[in-house]
Amino acid sequence: MSPYVRFRSARPSNDLRALERFYVEALGCARLGAFEDHEGFEGLIVGASDGAWQVEFVREHGVVAARAPTDEHLLVFYVADRAALAEREAAMRRAGHAPIEPHNPYWLRHGVTFADPDGYPVVIAVPA
């Protein structure tokens with residue numbers, strides 16, 4: 001058994017509200033928390049509703065965050081089956097997000113890829 005009780009990945013952003021619309025309202029992640037004016041930083045935390053996994057987006061006041069360094073800097077969200085994949089893709093399209101061509105063709109065969117507001121690829125996929 002893992003000694004860790006939860007997992008959180010963090011990365012910089014320039015627009016936390018746009019990320020909330022993308023990850024919470026369109027992709028369906030839970031909004032787990034947020035913070036403002038924390039020693040020059042503000043942030044948004046999204047993830048599983050039980051908090052087992054989390055992604056923290058942080059905006060540092062006065063600093064412009066760089067775009068994704070490569071096309072392989074991505075997040076992958078696995079769903080149970082093709083029906084769930086179609087449902088998530090439809091929700092993303094209804095929210096105004098169009099799929100993009102993934103850099104790795106594996107993701108095209110097993111899912112659908114979108115760019116988040118910061119330009120990071122986000123894959124919704126079924127397990128192979």
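Counting from 1, the numbers follow the sequence of the chain as shown. Computed from a predicted structure; not experimentally measured.
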**Q** Out of curiosity, does I100 fall in the hydrophobic cluster containing L74 (side-chain heavy atoms, cut-off under 4.5 Å, transitive links)?
**A**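 Cluster IDs for L74 and I100 differ.
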
**Q** So, F22 versus F114, ring centres under 6.0 angstrom or not?
**A**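 No, they do not, as the ring centres are separated by 6.0 Å or more.
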
**Q** Looking only at heavy atoms, what is the nearest atom pair of H73 and Y120, with distance?
**A**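 Smallest heavy-atom distance, with atoms named: O-CD2, 3.4 Å.
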
**Q** Side-chain donor-acceptor contacts of residues 88-98 below 3.5 Å, not counting sequence neighbours, with atom names and distances?
**A**
| residue | atom | partner | partner atom | Å |
| --- | --- | --- | --- | --- |
| R88 | NE | L27 | O | 2.9 |
| R88 | NH2 | A26 | O | 2.7 |
| R88 | NH2 | L27 | O | 3.4 |
| E89 | OE2 | R93 | NE | 3.0 |
| E89 | OE2 | R93 | NH2 | 3.1 |

**Q** State plainly whether the residues E25 and R31 are in salt-bridge range, i.e. N to O under 4.0 Å.
**A**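 Here E25 does not pair with R31 in a salt bridge, since their nearest N and O are not under 4.0 Å apart.
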
**Q** Please name the pair of heavy atoms, one in V46 and one in C29, separated by the smallest distance, quoted to 0.1 Å.
**A**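 The pair with the smallest heavy-atom distance is CB-CB, 4.2 Å.
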
**Q** With a 3.5 Å distance limit and no angle check, can you tell me whether D116 reaches the backbone of D118 through a side-chain donor-acceptor pair?
**A**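 Indeed, once roles are kept as given, a pair shorter than 3.5 Å links the two residues.
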
**Q** For the residue pair H38 and F35, categorise the inter-ring angle as parallel (less than 30°), tilted (30 to 60°) or perpendicular (more than 60°).
**A**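 The arrangement is perpendicular - the two ring planes meet at more than 60°.
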
**Q** Grouping I, L, V, M, F, W and Y whenever their side-chain heavy atoms are under 4.5 Å apart, do L85 and L75 come out in a common cluster?
**A**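 Result: yes, single cluster for both.
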
**Q** Inspect the surroundings of NE2 in H110 and state if more than 12 heavy atoms from other residues, nucleotides or ligands are less than 6.0 Å away.
**A**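 Yes, the 6.0 Å shell around NE2 holds more than 12 heavy atoms from other groups.
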
**Q** So which atom in N14 and which in A65 form the shortest heavy-atom distance, rounded to 0.1 Å?
**A**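 For N14 versus A65, the nearest heavy atoms are OD1-N, 2.8 Å.
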
**Q** Is there a chain of hydrophobic side chains (I, L, V, M, F, W, Y, each step under 4.5 Å between heavy atoms) that links I45 to Y23?
**A**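 Looking at the clustering, Y23 is in a separate group from I45.
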
**Q** In terms of heavy-atom contacts, does CD of E36 have more than 12 from other residues, nucleotides or ligands at under 6.0 Å?
**A**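 It does not: E36 CD has 12 such atoms or fewer within range.
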
**Q** Is F77 reachable from L108 through a run of hydrophobic residues whose side-chain heavy atoms are each under 4.5 Å from the next?
**A**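 No, L108 and F77 fall in different hydrophobic clusters.
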
